[in-house]
Structures are given as C-alpha cells and as structure tokens.
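Reviewing the structure listed below.
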Protein chains: 2
Amino acid sequence: MQLGRRKLQILQAVIQDYISSGEPVGSRTIAKKYGMGISPATIRNEMSDLEEMGYLQQPHTSAGRIPSDKAYRLYVDKLMETRNLTPDEAQRIREICNQKTTEIEEIIEQVANILSDITNYTSVVLGPRLNKVLIRRIELIAIDRQYALLLVVTSAGIIKDTLIRIPDNIDAGYLERISNMLTKYYRDKTFADVNIKHATDLQKELMRQKEFIRNILDALTNSIANKRQSDIYLGGTANIFNFPEYQDIIKARDFLNLMENKDILYNLFSQYEEDDVVIVIGTENEYNEMQDCSVVMGTYSIGDKVLGSMGLIGPTRMEYSKVVSIMRHVGESVSNYLTLLFKE
Amino acid sequence: MQLGRRKLQILQAVIQDYISSGEPVGSRTIAKKYGMGISPATIRNEMSDLEEMGYLQQPHTSAGRIPSDKAYRLYVDKLMETRNLTPDEAQRIREICNQKTTEIEEIIEQVANILSDITNYTSVVLGPRLNKVLIRRIELIAIDRQYALLLVVTSAGIIKDTLIRIPDNIDAGYLERISNMLTKYYRDKTFADVNIKHATDLQKELMRQKEFIRNILDALTNSIANKRQSDIYLGGTANIFNFPEYQDIIKARDFLNLMENKDILYNLFSQYEEDDVVIVIGTENEYNEMQDCSVVMGTYSIGDKVLGSMGLIGPTRMEYSKVVSIMRHVGESVSNYLTLLFKE
DNA sequence: ATTAGCACTCTCCCTTTACGAGTGCTAATC
DNA sequence: GATTAGCACTCGTAAAGGGAGAGTGCTAAT
C-alpha cells in the first residue's frame with residue numbers, strides 16, 4: 001500500500017491533534033477541525049489503512065487512534081514544519097547571556113532551568129566532557145603546609161582542580177619541578193592518556209614520593225570518571241506530572257527513578273554528538289526504562305569543538321517542532337556565549 | 001485531665017502502629033498486638049480522652065485514630081527509645097570514609113545518597129556554608145593571557161575559586177601585588193565583610209583597573225549568594241512514592257516541586273545549627289508547603305566548627321527513632337572524616 | 001470512489017448495594 | 001468505681017449495575 005498525499009495529510013492531522021490533546025483522535029474530529037472536504041467515513045477508511053501500515057494504533061476497538069512511534073518518526077523527518085520562537089521564548093533564551101558568573105557549571109545549570117521552564121519538559125544538561133579535551137598545563141599550587149591544589153588547564157579552557165595532600169618535607173621548588181614534569185609529559189594528551197609508562201622522570205620521582213605522585217596521577221586519571229557522576233544537571237523533573245499519561249503513580253515514579261539514575265542518562269547522552277539536534281522516539285531508545293519517552297538532544301560547543309550535550313525528555317507525544325527549534329536556539333546561544341567567554 | 005501511665009502506653013502503641021502501617025489504628029488492634037491486659041472498650045475510653053486532649057484525631061467517625069503533630073512531639077521528646085544501628089546500616093555509613101576523593105562536594109553528595117538509601121526518605125545536604133567562615137588567603141593565579149583564577153583559602157579549609165578575566169597589559173607581578181592587598185585587607189574577615197570602604201590601596205587600584213578590581217570584589221561578595229543556589233544535594237526524591245499518603249498525584253507533585261525550590265530548602269536548613277539532631281514536625285514548620293512533612297536535621301563539622309546542615313524529609317509518620325540514630329551516626333562519621341582530611 | 005446510515009463495542013461515570021471496621025453508649029460485672 | 005460485653009450506628013470502600021457518549025466497521029446507496 002502506498003502512503004499517498006491524502007494519507008499523509010490525515011496522519012499529520014492525527015499526530016498534531018494527539019500531541020496537543022493527548023486523547024485518541026476520531027474520524028469526526030479530523031473532518032471537522034482539519035476539514036479537507038472529505039467525510040468521516042472516508043477518513044475512517046484511510047485511518048484503517050494507516051493502522052494496517054503500522055502508523056496508527058487503537059487503544060481499544062471503540063476509541064479513536066493514536067500515532068505509533070513509526071508515525072512520529074515519519075512526522076519529525078518529513079511532515080513537521082519548523083516553528084519560530086515566540087518573543088517570550090527568545091527573551092528567555094537571551095537570558096543565558098546575561099549571567100553574572102563566568103563559571104561554566106553555573107551557566108550550564110541555568111541552561112537546564114531555562115530549557116525546562118520554556119518547554120515544560122524535563123531537561124538534562126551534561127557538563128563539559130573531559131574525555132575529548134586536551135591537557136594544556138598542569139600546575140601544583142601550595143595552599144598550606146598540608147595541601148596543594150592540582151590545577152589542570154585544558155584546550156577547552158576548562159579547569160579541573162583537586163586538593164592533593166602533600167608530604168611533610170617538601171618545598172615550593174619541588175612542587176614547581178613536578179608541575180613542569182607533568183606538563184612536559186601530558187601536554188596535548190587527553191586525561192585518558194595519562195600514564196606513567198613513558199614518563200621516566202616521573203617514575204624516578206615515584207620512587208621517592210610514592211604516595212604523593214600516585215595521588216596526583218590518580219586525580220588526573222579519575223577526573224573523567226568523577227565528572228561522570230556529578231556533572232549532570234536536571235531541570236523541571238516535576239514537569240512530567242503535567243501530562244495525563246503520567247498521572248499513573250507507578251509510571252511517574254519509574255520516570256523519576258530514571259532521572260536519578262545518572263549512569264543511564266550519561267550513557268544515553270554520550271552516544272550522540274552530532275552538531276544538529278537528534279531525536280530518539282520511544283522504542284527507538286535502547287533503554288527500556290525510557291521506551292515511553294522521547295528525547296530531543298542537542299549539543300553546545302566552544303568554537304567548533306563540541307563540549308557537552310543537553311536534552312529534553314518528555315512523553316512520545318512531545319511538541320517536537322517547538323522543542324527542536326528551542327533546542328537549536330539554546331544550543332547556539334550557549335555556544336556563542338561560551339565561545340565569547342573562553343575562546344582564545 | 002492527666003496523661004497517666006496507661007494513657008501514655010496506649011498513645012505510644014497508636015503512634016508506633018501508625019508509623020509502621022500508615023493506617024488509622026483501632027482499639028481492637030491495640031488490645032491484640034500490644035495487649036496490656038485491658039479490653040478494647042477500656043482502650044476506646046482512653047483513646048477518646050486522648051482525642052479530647054489533642055493527641056489523637058479521627059479521619060472520620062468510624063475509623064481508627066491517628067496521632068496528631070502534638071502526639072509526635074511528645075513521642076520524640078519523651079516516649080521514643082533510641083535504637084541501635086543494624087549491621088547493614090553501620091556498614092553503609094562506614095562507606096563514607098572509604099572515598100577516593102578528597103573533594104568536599106563529592107563527599108557531601110555521597111552522604112546525600114547514603115542517607116536516602118538507608119532510610120528510604122528524601123535527603124537534603126547543604127554544602128559548606130561560607131557565611132561563617134573566615135578568609136585566610138586570597139590569591140590570583142594567571143591561567144593564560146585572558147584569565148586568572150581567584151583562589152580563596154578559608155578557615156574551614158574550603159577553597160572558593162572563580163575565573164576572572166584579566167585586562168591586557170598586566171603582568172604576574174601585578175597579580176601578586178593585588179593578591180597581597182586583598183589578603184591584607186580581608187584576612188580573618190567573612191565574605192560578607194568584603195568591602196572597598198576602608199581599603200585605601202584597593203580604591204586607588206580601582207581607579208586604574210576599574211573592571212578588573214570590581215570583578216574580583218564582586219566574585220568575593222557574590223560567593224555566598226552563589227553557593228546558596230548550587231550547593232544543595234538531594235537524594236532519593238522518588239522515595240516519597242513509597243508512602244501511601246503520597247499516592248495522590250497532586251501531593252506527590254507538590255512535594256517534588258518543593259524539593260526543586262532550593263530557596264525554601266536553604267532557608268529551612270539555615271535556621272538550625274544545633275549540635276544535636278533537631279526535629280520539626282508537620283505544622284511546626286513555618287513553610288506551609290511542608291506542613292504534611294517532618295524534617296530531621298543534623299549538622300556536620302570540621303573540628304568543633306559546624307560546617308553545614310543535612311536532613312531527611314518524609315511524612316509526619318516518620319520512623320523517628322531510626323532516622324534520628326542514623327542522622328547522629330552519619331553526622332559523626334562525616335565530621336570525623338572531614339576533620340581528618342582538613343583539620344590542620 | 002465516496003458517503004450516509006446504523007448496529008455494535010467499549011470506556012467512563014454515576015448510582016446503588018453490601019460489607020466491614022470501628023466507634024460510642026448502656027447496662028452488667030468484678 | 002473501674003472495667004467490660006453487647007449492640008446499634010456511622011462511614012468509607014469495593015463491587016455491581018446501568019446509562020450515556022464516542023467511535024468504529026460494515027452495508028448499501030450515490
């Protein structure tokens with residue numbers, strides 16, 4: 001069977017109506033609201049075909065139809081019209097650039113809040129990824145007699161800092177020497193490449209100050225793993241209650257548990273680093289905990305280097321066209337702002 | 001009317017039963033389960049008295065009784081027996097000290113997770129407060145040609161760092177001079193005391209490098225306000241669904257909205273900084289959003305200096321004795337561990 | 001090919017009914 | 001005088017019944 005022009009029109013009408021109402025859509029509704037000069041009976045026939053083709057489904061015999069994931073996929077790929085921002089949305093997005101802070105974490109947190117506020121979905125924003133970023137400089141700064149700050153400057157301007165306990169009999173000159181060594185060996189490497197193997201000077205030093213050097217190296221190599229845990233910002237987790245499909249307490253709980261599971265979120269968002277927006281609809285998602293949801297993912301960058309991901313999660317009947325356009329604009333705005341701040 | 005021994009026993013039985021079941025408690029249940037050699041009819045009479053005195057209430061005429069906030073208050077003050085930790089709980093608490101990290105934020109985040117895990121309530125942990133802590137040293141460290149790191153070492157060993165943009169024509173010597181100036185004026189002051197008024201050298205410098213100096217001072221004074229926003233760690237927000245009183249979707253949503261409102265949480269937890277555990281029951285709470293909940297609050301310290309607050313939030317029929325003992329032990333463990341790490 | 005008409009299905013919501021848990025009161029008992 | 005058995009009464013809940021309404025699929029007419 002072919003997906004003719006009229007079938008497409010009807011499918012589009014069903015999808016749009018269902019997205020905005022959340023109720024199964026009947027033939028009469030379509031004939032009235034989206035009247036295209038054909039009677040409900042004709043529409044019924046077409047809908048029956050669309051069901052056979054896997055684009056529509058019926059919750060029960062005497063109900064209207066709802067779109068399948070396949071239908072949403074077709075919709076976002078072919079049917080959906082891009083939508084402009086409302087003045088209010090544009091205004092909120094502009095707020096990203098009006099921050100008092102220059103700390104990337106705080107900017108990102110605010111992005112999460114703005115995203116969830118203007119879309120009414122749940123937002124997820126990942127902090128800058130350290131796994132692709134190159135180390136530029138490593139510096140040990142004495143804080144007091146017991147601690148030094150391990151400071152890492154990276155190609156994305158991000159600073160990773162950790163407190164390191166220093167042994168007793170150690171002076172500032174020694175710290176500087178180690179700093180230079182570290183910078184020498186690991187400059188232009190990633191955190192994953194940090195390794196003692198070919199760093200002969202460091203190996204010697206490891207003999208003398210075993211615990212100290214080990215702590216430093218651990219801090220460097222662990223930074224990716226640690227970031228993973230802590231650098232996920234959520235916004236509007238309670239927004240999910242706005243949707244009738246989540247009035248069921250069990251579904252709502254499962255959703256919230258999912259949002260607390262940082263590992264799944266991290267893995268999900270790490271898979272994609274396209275420049276443009278990526279949409280994952282319902283069962284297209286490999287995590288079964290999320291097969292009732294759709295995710296719209298975007299990225300933010302410094303210059304042309306993708307730095308991190310963000311996304312909006314909601315029911316599969318998400319307002320894709322709104323969400324996609326907002327995600328694009330937010331991505332651009334954040335990237336521009338960050339580039340302005342951090343690009344050399 | 002007097003609260004005799006028998007009335008107390010009955011009240012305690014009602015409270016304990018209601019805490020564990022969540023169902024209104026009837027006279028027969030008490031006679032059977034907590035049999036104290038008196039008949040249901042006698043218990044009914046006593047319960048009727050207890051209701052008159054404001055300790056019990058009936059959801060409706062033909063239901064059992066549930067304890068009032070006043071009853072819980074009496075219970076936690078007088079009736080409750082302290083309970084020992086189970087081996088499993090003790091084990092989980094010990095995990096706090098087995099961390100790889102020395103970053104206080106990560107430790108605190110894990111504390112939030114452990115608290116909610118072992119209690120099954122929602123945990124809130126506030127990061128270290130900056131408003132009581134004294135500045136020890138301020139240091140500007142050049143990162144590259146555009147940015148310097150503003151580093152503040154405080155009496156609680158906490159380091160507050162911010163990126164500051166530096167003007168073009170500036171050398172390392174200048175940064176050092178400013179650092180010394182800042183340390184000179186603000187050493188042993190709090191962040192709230194940072195002010196340009198009596199800092200004559202700085203005023204002069206402000207003329208020359210207006211934006212730069214202003215940025216530094218802003219970063220210092222804003223640090224408290226900024227911390228407020230970002231330094232609240234939540235654990236187990238979805239735990240609230242475990243309780244039948246939150247099966248109502250509206251209640252659950254209100255609770256979760258509350259947990260997203262960092263301002264309320266911050267204010268609530270800032271009020272108390274007792275050494276011992278503080279319990280706020282239902283309507284004792286000044287925020288009406290929380291009058292269905294109880295909060296058990298504790299603190300953690302470095303040495304004998306209280307550093308931050310933490311708490312567990314749940315329905316008023318909370319397992320107070322369990323929660324209080326866990327809160328005490330966690331407080332001790334965190335404090336010991338932090339003291340070990342940071343105390344000079 | 002399209003459409004009007006109609007019987008049929010299924011959900012939702014309302015009412016009714018029955019049941020059970022628990023109470024308060026009264027009168028008997030220790 | 002305190003305690004208790006007995007009993008009528010109340011109220012919430014769960015199950016059962018009964019439209020109403022929305023929507024379908026099929027058939028026959030256009």
Side-chain angles (χ1 to χ4, degrees), chain A residues 1-11 13-15 17-18 20-68 244-245 247-249, chain B residues 1-11 13-15 17-18 20-68 244-245 247-249:
Chain A
M1 209 178 307
Q2 268 290 339
L3 248 187
R5 193 177 146 66
R6 197 170 64 183
K7 280 198 172 50
L8 278 178
Q9 275 188 328
I10 292 174
L11 184 58
V14 173
I15 294 175
D17 202 80
Y18 185 66
S20 70
S21 74
E23 301 286 318
V25 189
S27 52
R28 251 176 71 86
T29 315
I30 300 220
K32 263 199 215 158
K33 275 210 239 173
Y34 306 81
M36 34 191 99
I38 47 178
S39 78
T42 313
I43 296 175
R44 275 205 289 284
N45 289 330
E46 298 284 39
M47 280 166 98
S48 184
D49 290 349
L50 284 167
E51 184 169 358
E52 211 175 304
M53 296 163 82
Y55 290 106
L56 294 180
Q57 29 193 240
Q58 269 182 305
H60 54 90
T61 9
S62 71
R65 258 101 172 179
I66 64 175
S68 67
E245 42 269 74
Q247 292 306 83
D248 179 8
I249 203 92
Chain B
M1 210 179 306
Q2 268 290 339
L3 250 187
R5 193 177 145 66
R6 195 171 65 183
K7 280 198 171 52
L8 279 178
Q9 275 188 328
I10 291 174
L11 185 58
V14 173
I15 295 174
D17 202 81
Y18 186 66
S20 70
S21 74
E23 300 287 318
V25 188
S27 53
R28 251 176 71 85
T29 314
I30 299 218
K32 263 198 215 158
K33 276 209 238 173
Y34 305 82
M36 33 191 98
I38 48 178
S39 78
T42 315
I43 295 175
R44 275 206 289 283
N45 289 331
E46 297 283 39
M47 280 167 98
S48 185
D49 291 349
L50 285 166
E51 182 168 358
E52 212 175 304
M53 294 163 81
Y55 291 104
L56 293 180
Q57 29 193 241
Q58 271 182 303
H60 55 88
T61 7
S62 71
R65 258 102 172 177
I66 63 176
S68 67
E245 42 269 74
Q247 292 306 82
D248 179 8
I249 202 92

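Order of the sequence lines sets the chain letters (A, B, ...), proteins ahead of strands, with each chain counted from 1. On a predicted model such as this, the values are computed, not experimentally measured, just so you know.
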For the atom pair [atom1] ([X]) and [atom2] ([Y]), what is the distance rounded to the nearest 0.5 Å?
X     : Y     : atom1 : atom2 : answer
B/E51 : B/L56 : CD    : CG    : 7.0 Å
B/L50 : B/S68 : CG    : OG    : 9.5 Å
B/R65 : B/S48 : CZ    : OG    : 5.5 Å

Should [X] and [Y] count as side-chain neighbours, where that means a heavy-atom distance under 4.5 Å?
X     : Y     : result
B/T29 : B/E23 : no
A/Y55 : A/V14 : no
A/V25 : A/I30 : yes

For the pair made of [atom1] in [X] and [atom2] in [N], what is the distance, rounded to whole Å?
X     : N      : atom1 : atom2 : result
A/E51 : D/dG23 : CD    : P     : 15 Å
B/E23 : D/dT13 : CD    : C1'   : 12 Å
B/D49 : C/dC25 : CG    : P     : 12 Å
A/K7  : C/dA1  : NZ    : P     : 11 Å
B/I66 : C/dT23 : CD1   : P     : 13 Å
A/M47 : D/dA22 : CE    : C1'   : 13 Å
B/R28 : C/dT23 : CZ    : C1'   : 13 Å
B/Q58 : D/dC9  : CD    : P     : 18 Å

Quiz item: Testing A/K32, A/M47, A/R28 for side-chain contact (heavy atoms from CB on, under 4.5 Å) with A/P40, which one passes?
Solution: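 Considering A/K32, A/M47, A/R28, a side-chain contact (heavy atoms from CB on, under 4.5 Å) with A/P40 is found only for A/R28.
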Quiz item: Taking A/R6 as the fixed residue, which of A/L11, A/I43, A/T42 is the one that meets the side-chain contact (heavy atoms from CB on, under 4.5 Å) rule?
Solution: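 With A/R6 as partner, A/L11, A/I43, A/T42 yield a single side-chain contact (heavy atoms from CB on, under 4.5 Å), made by A/T42.
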Practice problem: For A/S27 and for B/P59, locate the closest nucleotide of DNA chain D by heavy-atom distance; then report the residue assigned to the nucleotide nearer the 5' terminus. | Solution: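 It is B/P59 whose nearest nucleotide is closer to the 5' end.
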Quiz prompt | Stems involving DNA chain D, each a run of at least 3 consecutive Watson-Crick or G-U pairs under 3.5 Å | solution =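 Stems found: C:1-30 with D:1-30.
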Quiz prompt | Short side-chain N/O contact to D/dA22 OP1/OP2 from A/R65, under 4.0 Å | solution =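 No, outside the criterion.
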Quiz prompt | Heavy-atom pair with the smallest gap, counting every atom of B/Y34 and B/A13 | solution =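 Answer, listing the atom of B/Y34 first, then B/A13: CG-CB, 3.8 Å.
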Practice problem: At under 4.0 Å between heavy atoms, which parts of nucleotides 2-16 of chain C does protein reach? Answer with one letter per nucleotide, 5' to 3': B base, S sugar-phosphate only, - none. | Solution: SBBB---BBS-----
